[in-house]
> 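I am attaching a structure below and will ask some questions about it afterwards.
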Amino acid sequence: MIITGKTKVLSVIGNPVAHSLSPVFQNAAIEAAGIDYVYTAMPVANEMLEDAIKGMKAFSVCGLNVTIPHKENVIKYLDAIDKDAEILGAVNTIVNDDGRLIGYNTDVVGFVKGMKQNGFEPAGKNAVLLGAGGAARAIIWGLVQEKVASLTIGVRNVPKVKPLVDYFSQYMEISLLDWQSETFDQALQGAELLINATPLGMYPQVDNMPPIQWDKVQDGIFVYDIIYTPAETLFLKTAREHGCKTLNGEAMLVGQGAESFRLWTGMEPDQRVMTKALRKALEQGK
Ligand code: NAP
């Protein structure tokens with residue numbers, strides 16, 4: 001890749017941001033597409049966020065990804081945001097449209113496409129989601145829009161999550177349960193899609209997993225863990241041994257990046273190339 005005076009600039013901003021894997025798979029996609037772009041990572045301190053976004057306009061930066069802790073705070077500096085970003089109250093992608101900065105949230109598309117590209121159609125299915133933090137918001141909104149038949153959220157602290165569920169209840173009825181209750185076990189028995197959106201099992205705590213009753217889980221259902229380190233969590237290993245179809249978090253990570261790429265360039269990136277670059281970086285990182 002040769003950088004010239006014409007090269008268009010994309011970047012991820014966050015604080016910290018040096019650990020981000022986005023430059024790895026976005027630059028792989030840029031190279032595969034043969035387009036004159038470069039993708040960098042720029043740390044932005046909290047108090048510098050407004051200046052950074054003004055700088056995006058000043059320097060004609062084409063697009064940004066936005067990561068922790070700026071996803072919510074960045075909204076007030078943008079000219080418009082799309083519906084997913086508005087519902088989630090968080091932006092992870094900014095497009096510079098001739099000086100007009102538009103915010104998007106591509107986590108929703110990333111999560112949904114990950115499932116569909118791996119052969120699972122969520123419409124009309126009974127879904128059970130474990131955990132209800134930041135990532136779960138995009139998952140809930142994705143499942144609502146895909147019209148799942150039912151959605152049960154299992155957590156360790158029901159009162160903490162109630163406001164979030166109340167918010168999404170305007171779109172569909174959602175059942176919020178203690179994941180160690182009998183009612184939750186009943187929901188688990190009917191689940192056709194089971195998702196882990198907790199960090200339980202993420203490297204280095206690889207011996208952890210959510211405390212669910214695996215004997216209640218039906219054989220052959222689709223089990224999605226949004227963790228991507230390790231590639232197979234204890235949760236996914238247990239699901240696989242239980243006869244379930246499994247998918248790890250690479251699909252969501254690459255999927256959200258692919259959607260950002262499409263918004264910036266108008267081109268569909270090669271997701272196989274992105275996934276290969278991500279896997280290589282993850283393997284080298286250990
Ligand atoms: P988060 O906002 O901290 O939420 C974590 C959720 O898990 C909360 O509901 C939390 O419950 C629960 N939880 C955490 N520790 C727990 C424990 N020890 N026992 C029981 N429940 C626990 O985190 P997040 O941003 O949503 O991320 C969750 C996971 O998804 C992380 O592993 C992250 O790496 C991964 N992720 C993947 C992608 C992707 O693209 N693949 C994107 C985003 C996140 P409490 O509120 O009770 O603590």
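Counting starts at 1 for both ligands and their atoms, in listed order. By convention here, the first residue in the shown sequence is residue 1. Owing to the predicted nature of the structure, the values given are computational and were not obtained by experimental measurement.
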> Give the protein residues with at least one non-hydrogen atom closer than 4.0 Å to an atom of ligand 1, ordered by chain and number.
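Around ligand 1, where the cutoff is 4.0 Å for heavy atoms, the contacting residues are G131, A132, G133, G134, A135, R156, K160, W179, A197, T198, P199, L200, M202, I226, I227, Y228, G249, M252, L253.
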> Side chains of D84 and N105 only: does a donor on one sit below 3.5 Å from an acceptor on the other?
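There is no such pair between these side chains.
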> I'd like a table of donor-acceptor pairs (distance under 3.5 Å, sequence neighbours excluded) in which one partner is a side-chain atom from residues 234-243, with atom names and distances.
unit_1, atom_1, unit_2, atom_2, d
K237, NZ, E241, OE2, 3.1
T238, OG1, L234, O, 2.6
R240, NE, E232, OE2, 2.6
R240, NH2, E232, OE1, 3.0
R240, NH2, E232, OE2, 3.4
H242, NE2, W214, O, 2.9
H242, NE2, V217, O, 2.9

> Does K280 have more than 12 heavy atoms from other residues, nucleotides or ligands lying within 6.0 Å of its NZ?
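No, because the 6.0 Å sphere around NZ of K280 holds 12 heavy atoms or fewer from other groups.
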> Is R279 salt-bridged to E283, going by a charged N under 4.0 Å from an acidic O?
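No salt bridge links R279 with E283.
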> Go through the structure and list residues passing salt bridge (charged side-chain N to carboxylate O under 4.0 Å, His left out) with K216, not counting sequence neighbours.
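In terms of salt bridge (charged side-chain N to carboxylate O under 4.0 Å, His left out), with neighbours along the sequence ignored, K216 is linked to no residue.
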> Could you name each residue pair satisfying salt bridge (Lys or Arg N to Asp or Glu O under 4.0 Å) that touches residues 122-150, not counting sequence neighbours?
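Listed by first then second residue: K116-E146.
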